[in-house]
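In what follows, a single structure is set out as structure tokens and then discussed.
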Amino acid sequence: MTETLLTATRTAARPAARASGEIRLIDVTKSFSPGSYAVREINLTIPDGCYCCLLGPSGCGKTTILRMIAGHETPTAGEISIGGHSVLGLPPGRRGTAMMFQSYALFPHLSVLDNVAFYLKMRGIRRDERRRQARAMLERVQLDHLRDRMPAQLSGGQQQRVALARSLITNPRVLLLDEPLSALDEFLRLRMRGELKSLQTELGITFVHVTHTQPEAIALADLVVVMETGQIEQAASAAAIFDRPATPYVARFMGGQNVLTGRVMQLADARPRLESSEGWIFELPAAPAPPAGATVSVAIRRDRVALSRHDSRGNSVPPNAIAGSVEATEYQGSYFKVTLNVGMKHAFVANVSDTAFAAEPVAAGDVVLASWRAEHVHVLSRPDLGDAGVPYLDTTE
């Protein structure tokens, strides 16, 4: 059994009086029907005090994992522990978790104050004490001045903060968030993203946040878990996920990389090279050197690609370059996204700075050369699916 473990560096120390919020999933499988798996053999450790984002497209299993941690779903097989103790069989209220739903699920007939105090009422805490605690929590999320309003009188962002306060008032070890920002407009989403991160740092408790939005995960998470069809493709820091993706799927899903595939050429002393099926040559990092004849996929960040005009008549394509025609250009503020047709299944994209684009603009139909430096090539742990040849699996750290 392999287990993914990230040691998170926290800016706020965990109070000694609070129990650990470390989450461990060991060989966790969930099947809703025979032979059909929502998640399969998941092994993951989320450290105490970590902000973890489960990232992936709809249907990949991320919400199923969240619901199993919360106790709203039971694993078909495997073990789930929080703070070193198994929580299988425990009801949600005894797990030390709180869940914030995408819909917020506020009670429309209760005031903001009574919404936040509701779970304390269910625990039998007297009215004046639960209201005191609710007001203190509303002050923390900067909503005490709206405590007497009804949910329908609040904006979307205010409703979200009420739901957050209601989840936190039980003093959980783990806060579970199911796509909490998806219903907000872009301006409010960015603002609330910052508030979530700030609050998690202040509280020091474990956050597990489900999202399908890559920039959201990169901005928030200490640990990003990229999922696809019920399995973990990669779990690492946001920087590692973006800059050093493990697989072609992660490289493409994160949106900042181009993936190219070729066979390793037999060379004596020079830097190892790949030759693609189109005849292009790509240099690889000097180590580790894959064996000759192996099929290897590499990733090149879009912002590492330079564009220049290319005359295909009698001009060969040098190593670490490909030629193609411009399909589209999109202005993104500080850069232009230039999409190229290079005769492959997937388009090749270059993110060209606004100054570089102004110096040498291109338009749809132009023939260009896309080039990069060998040191900007990242070798993926497995080749692109569907490629023939002997796979090269890099097992180094």
Side-chain angles (χ1 to χ4, degrees), residues 214-215 218 226 234 238-265 271-286 290 295-312 315-384 387 394:
Q214 296 89 333
I218 290 173
V226 182
Q234 187 176 0
I241 290 284
F242 185 80
D243 202 45
R244 299 182 298 281
T247 67
Y249 172 83
V250 175
R252 290 198 174 102
F253 183 76
M254 294 311 294
Q257 305 270 357
N258 294 290
V259 177
L260 300 171
T261 301
R263 287 178 180 270
V264 178
M265 301 170 64
R271 184 190 294 265
R273 291 184 172 188
L274 296 183
E275 183 176 11
S276 73
S277 58
E278 298 83 6
W280 296 318
I281 304 299
F282 316 131
E283 291 184 335
L284 297 179
T295 299
V296 175
S297 287
V298 299
I300 301 101
R301 278 177 46 167
R302 294 175 175 181
D303 58 349
R304 306 294 194 198
V305 178
L307 294 184
S308 58
R309 294 188 180 275
H310 179 65
D311 186 352
S312 59
N315 291 330
S316 61
V317 176
N320 299 331
I322 56 177
S325 60
V326 176
E327 283 191 343
T329 61
E330 297 178 11
Y331 179 56
Q332 302 290 321
S334 60
Y335 68 91
F336 282 80
K337 176 185 174 183
V338 182
T339 303
L340 308 179
N341 181 353
V342 295
M344 300 189 304
K345 178 182 177 181
H346 298 279
F348 191 93
V349 178
N351 290 344
V352 182
S353 71
D354 53 350
T355 52
F357 190 89
E360 191 173 358
V362 295
D366 289 347
V367 178
V368 297
L369 193 70
S371 59
W372 57 89
R373 295 163 60 180
E375 56 265 34
H376 293 153
V377 173
H378 171 66
V379 179
L380 302 175
S381 64
R382 64 172 182 254
D384 207 0
D387 289 319
D394 179 9

**Prompt:** For Met254 and Ile218, what are the C-alpha separation, side-chain angles and deciding distance, and is it a side-chain contact (heavy atoms from CB on, under 4.5 Å)?
**Reply:** CA-CA 9 Å; Met254 294 311 294; Ile218 290 173; 3.6 Å; yes
**Request:** Starting from the C-alpha separation in whole Å, work towards a yes-or-no answer on side-chain contact (heavy atoms from CB on, under 4.5 Å) for Gln332 and Lys337.
**Result:** CA-CA 7 Å; Gln332 302 290 321; Lys337 176 185 174 183; 4.1 Å; yes
**Item:** Trace of the salt bridge (charged side-chain N to carboxylate O under 4.0 Å, His left out) decision for Arg273 with Glu283
**Value:** CA-CA 4 Å; Arg273 291 184 172 188; Glu283 291 184 335; 3.3 Å; yes
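Contact of the Ile241 side chain with the Val226 side chain is registered, since non-hydrogen atoms from C-beta on lie closer than 4.5 Å. With a 4.5 Å cut-off on side-chain heavy atoms, Phe282 and Pro319 do not count as touching. Side-chain contact between Glu360 and Ser308: present, with at least one pair of heavy atoms (C-beta onward) separated by less than 4.5 Å. A heavy-atom distance below 4.5 Å is not found between the side chains of Leu274 and Met265. Between Thr247 and Ser381 there is a side-chain heavy-atom pair separated by less than 4.5 Å. Contact of the Leu260 side chain with the Phe348 side chain is registered, since non-hydrogen atoms from C-beta on lie closer than 4.5 Å. The closest side-chain heavy-atom distance from Val305 to Ser371 is not below 4.5 Å.
In terms of modelled atom types and a separation under 3.5 Å, the side chain of Gln234 and the main chain of Tyr249 share no donor-acceptor contact. In this structure, Asn258 contributes its side chain and Val349 its backbone to a donor-acceptor pair below 3.5 Å.
In terms of heavy atoms, Val342 sits closest to Trp280 at O-CH2, 3.0 Å. Summarising the geometry of Pro285 relative to Val377, their closest heavy-atom pair is CG-O, 3.4 Å, with the distance given to 0.1 Å. For Asp354 against Gly333, the heavy-atom pair with the smallest separation is OD2-O, 4.0 Å. Heavy atoms only, all atoms of each residue included: Val362 and Thr329 are closest at O-CG2, 3.8 Å. Taking each heavy atom of Pro383 and Thr295 in turn, the nearest pair found is CB-O, 3.7 Å. When every heavy atom of Arg309 is checked against every heavy atom of Asp366, the shortest pair comes out as NH1-OD2, 3.1 Å.
Rounded to the nearest 0.5 angstrom, Ser297 OG and Asp384 CG are separated by 4.5 Å. With values rounded to the nearest 0.5 angstrom, Ser316 atom OG is found 8.0 Å from His310 atom NE2. Here the CD1 atom belonging to Ile300 is positioned 5.0 Å from the CH2 atom belonging to Trp372, to the nearest 0.5 angstrom. Here His346 contributes atom NE2 and Thr339 contributes atom OG1; the two are 14.0 Å apart, rounded to the nearest 0.5 Å. Expressed to the nearest 0.5 Å, how far CG of Leu369 lies from CD1 of Ile322 amounts to 8.5 Å. Distance check, rounded to the nearest 0.5 Å: CG of Asn341 to CD of Glu327 gives 4.5 Å.
Taking Arg301 as the reference, Asp243, Asp303 meet the salt bridge (Lys or Arg N to Asp or Glu O under 4.0 Å) condition, with sequence neighbours excluded. Listed by chain and residue number, Glu375, His376 satisfy the side chain to side chain contact (heavy atoms under 4.5 Å, CB included) test with Arg373 (two or more places apart in sequence, or in another chain).
Below 30°, between 30° and 60°, or above 60°: for Phe336 and Tyr331 the angle between ring planes is between 30° and 60°, a tilted geometry.
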